[in-house]
2 protein chains.
Amino acid sequence: MSTAEETAGGETQPWGEVTPDAARRLLVAAVEAFAERGYHATTTRDIAGRAGMSPAALYIHYKTKEELLHRISRIGHEKALRVLRTAAEGEGTPTERLAEAVRSFVRWHAGQHTVARVVQYELDALGPDARAEIVALRRQNDSTVREIIEDGVAAGEFDVPDVKGTTLAVLSLCIDVARWFNVNGPRTPDEVGALYADLVLRMVGAEK
Amino acid sequence: MSTAEETAGGETQPWGEVTPDAARRLLVAAVEAFAERGYHATTTRDIAGRAGMSPAALYIHYKTKEELLHRISRIGHEKALRVLRTAAEGEGTPTERLAEAVRSFVRWHAGQHTVARVVQYELDALGPDARAEIVALRRQNDSTVREIIEDGVAAGEFDVPDVKGTTLAVLSLCIDVARWFNVNGPRTPDEVGALYADLVLRMVGAEK
DNA sequence: GGGCTCTCTAAGCAACCGCTCACCTTCGGG
DNA sequence: CCCGAAGGTGAGCGGTTGCTTAGAGAGCCC
């Protein structure tokens with residue numbers, strides 16, 4: 001939090017943790033390419049070209065093309081999880097915490113929709129071990145949201161007949177933002193976040 | 001409706017309109033392969049192999065691999081749209097029609113989740129012309145749902161501050177079912193449909 | 001200034017891709 | 001009984017893929 005890195009939606013220094021510089025440039029190029037065309041339709045030559053390097057340079061910093069995807073997926077998931085948890089662990093009633101969690105999680109998926117798209121939709125391109133690691137991170141998203149909803153039910157603020165199903169639906173709604181969000185569209189990440197927070201509060205039967 | 005083909009979620013005679021028999025087998029094989037590994041990761045040899053034919057046989061019935069995807073996308077979208085419209089144009093109040101529309105649309109995306117996955121997530125693999133055709137079909141989904149919501153608002157049954165945004169969210173929620181639905185999971189397509197219909201009624205502020 | 005490490009490139013290899021072609025079989029109609 | 005159309009195959013072509021290798025510079029410590 002001491003750095004300027006922690007703004008949800010539009011980070012000032014994204015991928016700052018990736019060094020050296022050439023490795024970061026390659027990773028950013030890979031994110032763009034994967035998000036645009038998909039993992040399998042992206043060539044290593046394309047990634048290297050976007051980073052202004054020769055095809056062989058990629059293999060100095062990464063063992064395989066899959067390792068690039070793995071790195072992107074882990075870092076992306078960890079960031080999204082951190083955003084979600086920060087909101088979930090904040091002060092306030094379950095209603096306020098759920099609203100803030102959805103607002104910031106959606107804001108991230110909209111603002112960082114290229115990363116989010118890779119992270120959420122290219123999971124199957126990973127090998128079994130890497131996929132298992134990412135799936136574990138995903139389950140933490142699920143737990144975080146479910147706990148807020150359970151808190152709200154216990155406090156009598158929410159009316160939710162099916163907690164597990166509603167948790168699934170809430171997360172599904174947020175994640176799918178990465179698929180349809182368009183930078184040139186009519187809505188900003190903030191606006192989508194506000195809209196979705198309102199819709200989710202309605203889904204759990206919370207008073208506004 | 002005179003045939004036994006029209007059961008949402010699990011059709012008795014799917015792809016019945018595709019002839020001859022070999023062309024249908026190839027198309028079914030392609031749906032499985034595309035849904036499992038994605039369009040770009042699927043080879044024509046894989047498709048032909050699943051259909052029990054040699055690689056060359058594919059090109060007797062389809063000009064290119066992309067034509068297969070195009071055919072799948074169009075047929076799949078048309079079926080989903082028909083399911084949605086049948087519910088939307090039915091009798092009843094906007095509340096009843098919205099619930100039925102969501103219920104059957106979700107049931108289709110869960111029951112036919114392999115087709116739905118191809119249809120919804122491989123759009124970018126199509127060329128510009130084919131993509132434009134599919135996008136047009138998608139806009140009809142959007143209009144269908146928006147009209148029900150507008151009817152409900154006009155009738156005083158719904159409380160929806162942002163009709164366009166809510167329409168988007170409802171469709172997004174339904175479509176994303178295709179991504180996470182698992183046949184071996186704990187829920188049947190019917191159960192997911194019922195849960196989602198309830199959640200959507202809450203989103204639009206309808207009385208139960 | 002010689003050697004060592006780190007970074008990067010030009011060239012290319014083996015494998016695999018979508019797709020084609022020459023040829024074979026099956027089968028209904030005259 | 002021959003014929004043409006329709007449906008299928010084995011072999012393979014040109015191009016592309018992920019990745020490797022041999023070697024060139026640049027910087028740095030001694």
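Note on naming: letters A, B, ... go to the chains in the order of the sequence lines (proteins, then strands), and numbering restarts at 1 for each one. The basis for the numbers below is simple: all heavy atoms, side chains too, and nothing from hydrogens, waters or symmetry mates.
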Task: Tyr59(B), nearest nucleotide to its side chain (from dG18(D), dC8(C), dC19(C)) - done: dC19(C)
- [ ] Using distance alone, with no hydrogens and no angle criterion, decide if His70(B) and Glu133(B) have a side-chain donor and acceptor under 3.5 Å apart.
- [x] yes
Task: Atom-pair distance (NZ on Lys63(A); P on dT20(D)), nearest Å - done: 10 Å
Open item on the list: Nearest whole Å is fine: how far is dC19(C) C1' from Leu58(B) CG?
Closed with: 10 Å
Open item on the list: Both Pro20(B) and Glu66(A) contact DNA chain D. Taking the nearest nucleotide for each, which residue is further toward the 5' end?
Closed with: Pro20(B)
TODO: Return yes if some donor-acceptor pair links the side-chain N/O of Tyr62(B) with the main-chain N/O of Leu69(B) below 3.5 Å, else return no.
DONE: no
Task: Of the listed nucleotides dG18(C), dG8(D), dT9(D), the one nearest the side chain of Lys65(B) - done: dG18(C)
Task: Nearest-Å distance for atom pair CG/P, residues Asp21(B) and dA6(D) - done: 18 Å
Open item on the list: Rounding to an integer number of Å, can you tell me how far Glu67(A) CD sits from dG18(D) P?
Closed with: 15 Å
Open item on the list: For Phe34(A), does the six-membered ring have the charged nitrogen or CZ of Lys65(A) within the cation-pi criterion, i.e. under 6.0 angstrom from the centroid and within 45° of the normal?
Closed with: no
- [ ] Report yes or no: does Arg97(B) contribute a side-chain atom to a donor-acceptor pair with the main-chain N or O of Ala88(B) at less than 3.5 Å?
- [x] yes
- [ ] Taking the side chain as every heavy atom from C-beta outward, state whether Arg107(B) and Val192(B) have any pair of such atoms under 4.5 Å apart.
- [x] no
Open item on the list: salt bridge (charged side-chain N to carboxylate O under 4.0 Å, His left out) for Asp198(B) and Arg202(B)? Distances and angles first, verdict last.
Closed with: CA-CA 6 Å; Asp198(B) 176 52; Arg202(B) 287 162 173 247; 3.5 Å; yes
Open item on the list: Side chains of Gln120(B) and Arg179(B): any donor to acceptor distance under 3.5 Å?
Closed with: no
TODO: Would you kindly give the OH-to-C1' distance between Tyr62(B) and dG8(D), to the nearest whole Å?
DONE: 16 Å
Task: Nearest listed nucleotide, side chain of Ala22(B), among dT9(C), dC21(C), dG8(D) - done: dG8(D)
TODO: Could you check how far CG of Leu26(B) sits from P of dG7(D), rounded to whole Å?
DONE: 12 Å
- [ ] Identify which nucleotide among dT21(D), dT7(C), dT20(C) has an atom closest to any side-chain atom of Ala56(B), counting heavy atoms from C-beta outward.
- [x] dT20(C)
Task: Residues within residues 27-53 of chain B bordering DNA chain C, heavy-atom distance below 4.0 Å - done: Thr42(B), Thr43(B), Thr44(B), Arg45(B)
Task: Under 4.0 angstrom between His61(A) side-chain N/O and dC8(C) OP1 or OP2 - done: yes
